[in-house]
Amino acid sequence: NRGEEFIRKTEDYQRQLRYYGSLNSIKASYEKISEADKRKIEAFVSTSDNASDLYSEIEYLARASGMSADKFEIVNISGSSKRNNLLARTKVWRTTLTLISDKAKGTNVSYSNLKKLLTAMESNLRLMDVQRVAFDPLNNTATIELLTYTRK
């Protein structure tokens with residue numbers, strides 16, 4: 001019986017050594033990441049949950065794409081669905097953006113401008129998941145629903 005206990009403890013010890021080795025490997029990999037790259041990674045999922053920051057960023061993208069933001073709604077939906085461990089420390093924001101044409105400002109909701117905006121959102125440093133797009137070419141309006149994320 002003592003022999004079995006010795007074998008079990010030796011196996012536990014070996015398992016702990018392997019785990020310790022993998023932790024050291026992960027730590028070494030992390031330490032190789034440059035500070036600039038760490039800041040870039042941090043920007044994917046912002047720490048700011050200030051709605052006005054998000055509003056400013058999306059409004060800027062809309063204007064840069066030749067359109068004006070008319071209505072803007074931001075809702076925290078973090079607790080409304082089952083979440084995996086990765087999202088457990090993340091707030092999820094559903095943003096509904098209504099775009100209009102404004103001749104006084106020289107903006108126009110067109111198919112090409114809408115494509116520009118969607119491309120800008122997809123290539124933006126902040127992670128943005130476009131959920132729904134509704135385009136009304138007769139009234140020159142569009143509505144975009146998207147999800148953004150902030151760390152808790």
Side-chain angles (χ1 to χ4, degrees), residues 1-100 109-136 141-152:
N1 218 347
R2 288 184 84 126
E4 289 176 11
E5 185 178 337
F6 177 76
I7 291 171
R8 185 176 46 80
K9 287 189 178 195
T10 302
E11 288 173 350
D12 284 346
Y13 175 73
Q14 294 296 326
R15 191 173 17 260
Q16 291 292 333
L17 277 179
R18 285 191 300 272
Y19 179 67
Y20 178 71
S22 70
L23 288 178
N24 277 333
S25 175
I26 291 169
K27 181 181 176 188
S29 295
Y30 179 78
E31 289 173 349
K32 289 178 186 175
I33 299 172
S34 71
E35 285 302 314
D37 285 343
K38 286 178 187 175
R39 284 191 300 275
K40 196 179 284 188
I41 291 167
E42 296 269 325
F44 285 130
V45 181
S46 174
T47 55
S48 168
D49 62 358
N50 185 344
S52 64
D53 290 345
L54 180 58
Y55 173 82
S56 297
E57 188 169 354
I58 294 176
E59 185 179 41
Y60 169 78
L61 293 174
R63 289 203 181 275
S65 300
M67 295 179 280
S68 291
D70 181 42
K71 294 179 191 167
F72 205 93
E73 178 186 330
I74 302 174
V75 179
N76 180 352
I77 62 168
S78 300
S80 66
S81 62
K82 291 183 181 176
R83 304 173 38 126
N84 63 32
N85 288 339
L86 180 62
L87 292 177
R89 296 174 310 223
T90 307
K91 287 184 183 177
V92 182
W93 301 88
R94 181 178 56 229
T95 302
T96 306
L97 171 67
T98 302
L99 301 161
I100 60 167
V109 177
S110 64
Y111 182 72
S112 62
N113 284 349
L114 192 56
K115 281 179 29 180
K116 273 191 237 175
L117 177 58
L118 292 173
T119 300
M121 286 178 169
E122 288 176 354
S123 61
N124 190 31
L125 193 55
R126 181 192 291 253
L127 187 60
M128 296 183 179
D129 292 332
V130 175
Q131 299 290 299
R132 185 176 64 84
V133 177
F135 175 50
D136 182 355
T141 62
T143 302
I144 298 175
E145 186 176 291
L146 58 116
L147 300 180
T148 55
Y149 308 88
T150 56
R151 284 191 306 256
K152 289 184 179 178

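Positions are given from 1, in the same order as the sequence printed here.
- Note that CG of D129 is 11.0 Å distant from OG1 of T95, once rounded to the nearest 0.5 Å.
- When every heavy atom of T141 is checked against every heavy atom of F135, the shortest pair comes out as O-CD1, 3.6 Å.
- N24 contributes atom CG, which lies 11.0 Å from atom OH of Y19 (distance to the nearest 0.5 angstrom).
- With sequence neighbours excluded, no residue forms a salt bridge (Lys or Arg N to Asp or Glu O under 4.0 Å) with D136.
- Atom OH of Y20 sits about 12.5 Å away from atom OG of S25, to the nearest 0.5 Å.
- Taking CD1 from I144 and CG from L118, the interatomic distance works out to 5.0 Å, rounded to the nearest 0.5 Å.
- Residues that satisfy the salt bridge (Lys or Arg N to Asp or Glu O under 4.0 Å) test with R18, not counting sequence neighbours, are absent from this structure.
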(message) One pair to check against side chain to side chain contact (heavy atoms under 4.5 Å, CB included): L117 and M121. What are the steps and the verdict?
(response) CA-CA 6 Å; L117 177 58; M121 286 178 169; 4.0 Å; yes
(request) Apply the test side chain to side chain contact (heavy atoms under 4.5 Å, CB included) to residues R94 and L147: give CA-CA distance (whole Å), side-chain angles for both, the deciding distance (0.1 Å), then the verdict. (result) CA-CA 5 Å; R94 181 178 56 229; L147 300 180; 3.8 Å; yes
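- Contact detail for L99 and A62: the closest heavy-atom pair is CD2-CB, 3.8 Å.
- The CG atom of L61 sits 11.0 Å away from the OG atom of S56 when rounded to the nearest 0.5 Å.
- Ion pairing between a basic and an acidic side chain is recognised when a charged N comes within 4.0 Å of a carboxylate O; K9 and D12 show no such pairing.
- By the salt bridge (Lys or Arg N to Asp or Glu O under 4.0 Å) test, E4 is found to be paired with no residue, residues two or more places apart in sequence or in another chain being considered.
- Residues satisfying the side-chain contact (heavy atoms from CB on, under 4.5 Å) test with Y13, not counting sequence neighbours, are L17.
- Between L23 and K27, every side-chain heavy-atom pair lies at or beyond the 4.5 Å cut-off.
- For K71, the salt bridge (Lys or Arg N to Asp or Glu O under 4.0 Å) criterion is met by no residue, not counting sequence neighbours.
- Remark: S29 pairs with no residue by the side-chain contact (heavy atoms from CB on, under 4.5 Å) rule, at least two apart or across chains.
- S68 pairs by the side chain to side chain donor-acceptor pair (under 3.5 Å) definition with T107, not counting sequence neighbours.
- Partners of T96 by side-chain contact (heavy atoms from CB on, under 4.5 Å), not counting sequence neighbours, listed by chain and number: E73, T143, E145.
- Summarising the geometry, atom OG1 belonging to T148 is positioned 6.0 Å from atom CD1 belonging to I58; distances are rounded to the nearest 0.5 Å.
- Sorted by first then second residue, the salt bridge (Lys or Arg N to Asp or Glu O under 4.0 Å) pairs that include residues 113-124, not counting sequence neighbours, number zero.
- S34 is linked by a side chain to side chain donor-acceptor pair (under 3.5 Å) to D37, counting only residues two or more places apart in sequence or in another chain.
- With sequence neighbours excluded, no residue forms a side-chain contact (heavy atoms from CB on, under 4.5 Å) with R2.
- Applying the side chain to side chain donor-acceptor pair (under 3.5 Å) criterion to D70, with sequence neighbours excluded, gives no partner residue.
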